[in-house]
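This chain uses plain numbering: 1 for the first residue, then up along the sequence. For the numbers below, each heavy atom of this structure counts, side chains included, while hydrogens, waters and symmetry mates do not.
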Amino acid sequence: FYGCVHHLLLDSHSNLYSHVKYLASDKLEGRYPGSKGDKLAAQYIRNEFINNGLTLLAHNGFQSFEFITDVILGKKNNLQVDEILYKPEIDYIPLSFSIDTIFSGEVFFAGYGFDINNDSLKWNDYENINISNKWVMIMRGAPDGNNPHSKYGEHISLRKKSIVAKDNNAAGVIFISGKEFSLQDELVPLSYEQSQQEIGIPIINVKRNVANQILRKKNITLETLEKKINDKLEMFDGFYIKNNISVEIDLNFRSNTTQNVIGMLPSNQELYNDEYIIIGAHYDHLGFGGDRSGSRRPYLNEIHNGADDNASGVSILLELSKLLSSYSYINRNIVFIAFGAEEIGLLGSKYFVSSQLIPNQKIQLMLNMDMVGRLNEDKIINISGTKTALQLEGKLENILNKKNMSYTFSPEGYGPSDHSSFYVKDVPVLFFFTGAHNDYHTPN
């Protein structure tokens with residue numbers, strides 16, 4: 001394989017450039033999963049597999065899968081406090097990792113909703129309380145404000161606080177925003193992130209006027225509570241509130257479809273014809289960018305062409321399939337996969353390993369190429385996963401030294417690309433990467 005890569009770099013420059021030029025062209029509009037450009041890229045890759053003599057797997061080379069793109073409010077969203085009805089998106093908003101449900105219960109005010117016990121910090125807002133069948137009201141943020149070096153940093157996400165509340169038997173969560181946290185008191189935007197999953201309880205964010213309506217029976221305001229906790233920077237004794245808070249949550253998730261593109265060079269050696277090598281590279285990118293797209297210029301609604309990320313990896317994938325198909329001796333089955341939807345959570349590779357199209361236990365090695373088009377001045381290639389199999393690093397050193405290639409090794413099998421999906425299934429992996437640069441995730 002490494003000799004093949006070296007051969008490609010020397011002899012296939014025009015073909016590599018041609019693949020990148022098409023895949024990163026404006027015509028494909030950034031190859032966002034499920035878009036027209038995404039489908040054009042997949043068709044191009046499949047056609048190259050066919051031209052190179054590969055056997056198409058899955059459904060004529062395409063392994064399609066659905067993914068969630070967005071979340072919107074359904075028609076049945078209601079909040080009632082003390083006979084007062086409040087309006088979604090104006091007075092409150094359900095969070096996207098809430099469940100659809102109807103729930104009514106009393107409230108426990110739990111301060112910042114922490115349950116922390118480590119060497120440097122002990123803070124438990126749930127100690128010696130019973131919140132079964134109750135809402136917990138939790139303040140967003142932390143008592144030391146917007147501090148980038150906050151000791152509370154890993155505990156302040158809404159998802160983390162919601163999980164902690166559920167782990168302490170809360171039936172639902174009401175998030176509130178003190179003035180020191182958000183002077184404008186803006187509601188959490190309703191949006192879907194691919195890494196999230198529903199937590200199993202209702203979760204809402206309410207405006208301060210709603211929070212103060214709930215707190216009214218205790219003759220206290222959110223502003224007073226926030227000041228008390230923040231001034232002392234220590235745990236605050238929570239309290240029960242005899243309000244009955246009724247909520248109905250109805251969320252609708254929109255979905256789209258994309259695909260992996262899969263071809264194989266079958267083994268012609270009986271001894272190893274039940275073993276597989278996977279060579280992969282993702283072909284999707286960020287489309288037109290925008291908020292929550294991963295763009296480093298989210299304010300620009302422009303095509304993110306993704307030449308290095310990852311038209312470069314796909315171009316090598318295609319040329320390797322062409323080169324290896326000319327070999328008369330194919331030891332193990334070699335499977336070439338162009339993964340879809342990597343940029344939104346490694347979705348294509350996760351789907352592939354879960355599908356068992358090829359049983360994971362039969363995969364001997366997965367090689368992943370992501371951003372391999374920009375060697376630095378020293379021409380050093382970075383290779384991760386070198387200790388995910390016995391003797392792998394030594395064999396790599398021998399081959400690369402013979403080819404006079406400069407390199408750096410990392411032993412880990414985890415990383416922000418598709419090889420991670422295989423490594424968590426106990427498949428040895430290698431990840432090839434030529435380094436970061438200023439054009440990463442920009443329209444350039």
Taking atom types as modelled, is there a side-chain donor on [X] or [Y] under 3.5 Å from an acceptor on the other?
X      : Y      : value
Asn360 : Asp426 : no
His285 : Asp38  : no
Glu393 : Thr386 : yes
Ser312 : Ser315 : no
Glu106 : Asn243 : no
His19  : Tyr44  : yes
Ser177 : Ser182 : no
Asn212 : Thr221 : no
Asn117 : Asn124 : no
Asp418 : Tyr423 : no

Is [X] reaching over with its side chain to a backbone N or O of [Y], donor-acceptor style, under 3.5 angstrom?
X      : Y      : value
Asn260 : Phe339 : no
Asp284 : Glu343 : yes
Tyr92  : Asn78  : yes
Lys166 : Ile199 : yes
Ser420 : Pro416 : no
Asn333 : Tyr276 : no
Thr388 : Val429 : yes
Asp100 : Leu251 : yes
Asp91  : Pro88  : no
Asp125 : Phe114 : yes

**Request:** Would you sort out whether Asn168 and Ile131 count as a side-chain contact (heavy atoms from CB on, under 4.5 Å), showing the intermediate values?
**Result:** CA-CA 7 Å; Asn168 282 278; Ile131 51 174; 4.3 Å; yes
**Fill in**
By side-chain contact (heavy atoms from CB on, under 4.5 Å), Asn60 pairs with (sequence neighbours left out) Arg46, Leu56
Do you know the tightest heavy-atom contact between [X] and [Y]?
X      : Y      : value
Ser64  : Thr257 : CB-CG2, 4.1 Å
Asn305 : Ala24  : ND2-O, 2.9 Å
Pro202 : Ile249 : CB-CD1, 3.7 Å
Leu300 : Pro443 : CD1-CG, 4.0 Å
Ser96  : Val71  : CB-CG1, 3.9 Å
Val424 : Ser421 : CG2-O, 3.2 Å

Would you indicate whether the side-chain heavy atoms of [Y] and [X] approach each other to under 4.5 Å?
X      : Y      : answer
Val261 : Phe49  : yes
Trp135 : Val173 : no
Val247 : Ile204 : yes
Tyr192 : Thr69  : no
Val81  : Leu79  : yes
Leu95  : Asn205 : yes
Tyr351 : Leu357 : no
Gln361 : Gln356 : yes

**Prompt:** Are Tyr240 and Phe108 close enough, and set up right, to give a ring pair (Phe, Tyr, Trp, His ring centres under 6.0 Å), and what steps lead you there?
**Reply:** CA-CA 4 Å; Tyr240 297 95; Phe108 179 83; 4.9 Å; yes
**Prompt:** side-chain contact (heavy atoms from CB on, under 4.5 Å) between Lys122 and Met235: does it pass, once the steps are laid out?
**Reply:** CA-CA 9 Å; Lys122 297 188 186 326; Met235 252 169 53; over 6 Å; no
Which residues share a salt bridge (Lys or Arg N to Asp or Glu O under 4.0 Å) with [X], sequence neighbours left out:
X      : value
Lys387 : none
Glu89  : none
Lys227 : Asp231

**Item:** Under the ring pair (Phe, Tyr, Trp, His ring centres under 6.0 Å) test, residues paired with Phe288 that sit two or more places apart
**Value:** none
**Request:** Scan residues 58-81 for pairs that pass salt bridge (charged side-chain N to carboxylate O under 4.0 Å, His left out), counting only residues two or more places apart or in two chains.
**Result:** Asp70-Arg254
**Message:** Among Met369, His419, Met371, which residue satisfies the side-chain contact (heavy atoms from CB on, under 4.5 Å) criterion with Phe432?
**Reply:** Met369
**Message:** Name the residue from Glu302, His304, His441 that meets the side chain to side chain donor-acceptor pair (under 3.5 Å) definition with Ser295.
**Reply:** His304
**Request:** Could you grab the distance from atom CG of Leu317 to atom CD1 of Ile45, nearest 0.5 Å is fine?
**Result:** 7.5 Å
**Request:** With rounding to the nearest 0.5 Å, note down the distance linking CD1 in Ile156 to CZ in Phe181.
**Result:** 7.5 Å
**Cationic N near anionic O, under 4.0 Å, Arg332 to Asp274** = no
**Asked** Does a side-chain N-to-carboxylate-O contact under 4.0 Å join Arg374 and Asp439?
**Response** yes
**Arg31 to Tyr283 six-membered ring, cation-pi geometry met (6.0 Å, 45°)** = no
**Request:** With side-chain contact (heavy atoms from CB on, under 4.5 Å) as the test, would you mind laying out the steps for Leu57 and Ile358 before giving the verdict?
**Result:** CA-CA 10 Å; Leu57 301 187; Ile358 295 170; 4.3 Å; yes
**Message:** Using side-chain contact (heavy atoms from CB on, under 4.5 Å), reason through Met137 and Leu215 one step at a time and then give a plain yes or no.
**Reply:** CA-CA 10 Å; Met137 181 183 284; Leu215 293 166; 4.2 Å; yes
**Asked** Could you walk me through whether Ser321 and Glu48 pass the side-chain hydrogen bond (donor to acceptor under 3.5 Å, both in side chains) check?
**Response** CA-CA 9 Å; Ser321 72; Glu48 289 296 312; over 6 Å; no
**Request:** Assess whether side-chain hydrogen bond (donor to acceptor under 3.5 Å, both in side chains) is satisfied between Asn368 and Ser417, documenting all intermediate values.
**Result:** CA-CA 8 Å; Asn368 182 35; Ser417 192; 2.9 Å; yes
